[in-house]
Amino acid sequence: MSSSRASSEIATRTNSRTVEKYPLSRVGPFEFRIERDARKGMRAPVTIYSNDALIAKMQTDRTIGQAVNVTHLPGVQKHVIVLPDGHEGYGFPIGGVAATDFETGVISPGGVGYDINCGVRLIRTHLTEKEVRPKLKELIHEIFRSVPSGLGNTGALNLSSGQLDLVLSEGVKWAVDSGYGVQKDLEFCEENGTMKHSDPSKVSNEAKKRGAVSLGTLGSGNHFLEIETVNNIFDDEAAKVFGISERNQVCVLMHTGSRGLGHQVCSDYLRIVEAAAHIFNISLPDRELACAPAGSREAENYRLAMGSALNYAWTNRQIITHNVRRAFERVFGSSFSDLEMDLVYDVAHNICKVEEHSVDFDNPAKKKKVFVHRKGATRAFPKGNPAVTLQYRNVGQPVLIPGSMGTASWVLLGQEASMDRSFGSTAHGAGRNMSRGAAIRTYPYESVRQDLQSRGIILEAASKKGVAEEAPGAYKDVDAVADVSHNVGIATKVVRLTPIGVVKG
DNA sequence: ATGTTC
């Protein structure tokens, strides 16, 4: 295989307004690298998995510059990774992975982001598109009514502080014990829906206040709930294990996170970590990378509060699942178990976890404990991994990649290559290619609605502005993102889904 | 992403 090392200088803006140039090499058909330059403070190289079109887009903003900045973190391991959907974020790029040493590294709230455990859940049904079409409008309306959506929404549940603390420590287990689901739902969530390393007492009262009234709500921005049909199956065996057996089978896909609670946890701990920065004496090129050393009180408290926000987000998706199942029951007149509305999987996209990984390019067998920061990245563990639920252990972990509103979404399959090449991770979505403001100017609400309608997609939305901001044209091509993951071999194609109904915040 | 500017 020819892996030309043709080097090109790319310009990337940094926070300091100077234009930095990074020597970018192509090291494979879908792999690029910026070698470590210790004189500039880099402690590791950057690896970018991308095709030519997607990396060209990354070069027009701060994505790659931010990834280079992340290589300055103390204890950063092996390489900082940018996935094909990479774009600018707070300090760290979104669509990125960074692993830091468990003992000598740092933990950074910006490496997880504001929407802690923003993630995706896929539910299957035994219904086909033909059966759902006649009732689609009613179904979408029924879901829209029973799952509050939009900015600042409340009203699904109103928790006492005791109940909220149980949500924050037990996650989905609390929901199932409280009647919002069935026992086997737990088996199809990452971490079984409960991050044990959590402590509600490390979550501020302000965050709890926001969380108590928002559980079971969808939110806004790129969060959505869609009725999908199976458009194509690429891996019959894996699809079958995931409960997907035929084209036009109907599924439900939801994309939401920890709402105002997670946002507040991130804000609180960014402030705490920044205020303590002088104590840690860590020099970084961007204050948004604010971090605390492993084992410090600040890092430990953040991890425990983040764990609570993870539990909140998983529970949020469980409560929404309960209400979606109820909506289906009302519309189709049979129980959700008769409709076979089983959870396919629930996976986090914004998370920091302790995992064991190979950290040496030359010695893949040697592993050590690291803090894996996945920010806009999906875990993609292969078959045989003990973290993969028993039901899927012989095939591998389902990877859920939502597209933008009205476009395809993907189910991929975690592969062994991800462990060596991307700390067991792959891409998480389409990624914006246009600012919200530009999207509003380019795609008025009415044109987006009509475009969806002409393609047979029913839409109900809390906000017209939100629909314009999330217009399909404002996003990158999710099929290209899935292609890169597949071709690199870190997670391979199983099922392509296309929407027939959309509920938007 | 977000009680969309503490």
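Each chain gets a letter, A, B and so on, in the order its sequence line appears, and its residues count up from 1.
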Separation of [X] atom [atom1] from [N] atom [atom2], in whole Å?
X: A:E470; N: B:dT2; atom1: CD; atom2: C1'; result: 13 Å
X: A:E274; N: B:dC6; atom1: CD; atom2: P; result: 15 Å
X: A:L270; N: B:dT2; atom1: CG; atom2: P; result: 16 Å
X: A:N316; N: B:dT2; atom1: CG; atom2: P; result: 10 Å
X: A:L261; N: B:dT2; atom1: CG; atom2: C1'; result: 12 Å
X: A:E206; N: B:dT2; atom1: CD; atom2: C1'; result: 13 Å
X: A:Y312; N: B:dT2; atom1: OH; atom2: C1'; result: 13 Å
X: A:R271; N: B:dT2; atom1: CZ; atom2: P; result: 20 Å

remark   = Sequence neighbours excluded, the answer for salt bridge (Lys or Arg N to Asp or Glu O under 4.0 Å) partners of A:R421 is A:E31
task = Mind checking salt bridge (Lys or Arg N to Asp or Glu O under 4.0 Å) for A:E187 and listing every partner two or more places apart, or none if nothing turns up?
result = none
ask   = By a strict heavy-atom criterion of less than 4.0 Å, which residues belonging to residues 111-118 of chain A are in contact with DNA chain B?
value = A:Y114, A:D115
query = For A:R259 and B:dT2, is the shortest distance between a side-chain N/O and OP1 or OP2 below 4.0 Å?
reply =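 Yes, because at least one side-chain N or O of A:R259 sits under 4.0 Å from OP1 or OP2 of B:dT2.
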ask   = According to a strict under-4.0 Å criterion, is A:S220 in side-chain N/O contact with OP1 or OP2 of B:dT2?
value = yes
Partners passing side chain to side chain donor-acceptor pair (under 3.5 Å) against A:N51 (at least two apart in sequence or in another chain) =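 Counting only residues at least two positions away or on another chain, A:N51 forms no side chain to side chain donor-acceptor pair (under 3.5 Å).
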inquiry  = Regarding A:G257, tell me which of base, sugar-phosphate or nothing describes its non-hydrogen contacts under 4.0 Å with the strands shown.
reply    = nothing
task = Pick base, sugar-phosphate or nothing for A:E469, based on heavy-atom distances below 4.0 Å to the nucleic acid.
result = nothing
Between CG on residue A:L261 and CD on residue A:Q264, distance to nearest 0.5 Å =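 It comes to 8.5 Å.
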Side-chain donor-acceptor pairs under 3.5 Å in residues 461-468 of chain A, sequence neighbours left out?
| from | atom 1 | to | atom 2 | distance (Å) |
| --- | --- | --- | --- | --- |
| A:S463 | OG | A:K465 | N | 3.3 |
| A:S463 | OG | A:G466 | N | 2.8 |

ask   = Which of these, A:H263, A:H223, A:K375, sits in a side-chain hydrogen bond (donor to acceptor under 3.5 Å, both in side chains) with A:D115?
value =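 Among A:H263, A:H223, A:K375, the one meeting side-chain hydrogen bond (donor to acceptor under 3.5 Å, both in side chains) with A:D115 is A:H223.
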ask   = Which pairs with one or both residues in residues 272-281 of chain A pass side chain to side chain donor-acceptor pair (under 3.5 Å), sequence neighbours excluded?
value =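 Only A:E274-A:R287 qualify under side chain to side chain donor-acceptor pair (under 3.5 Å).
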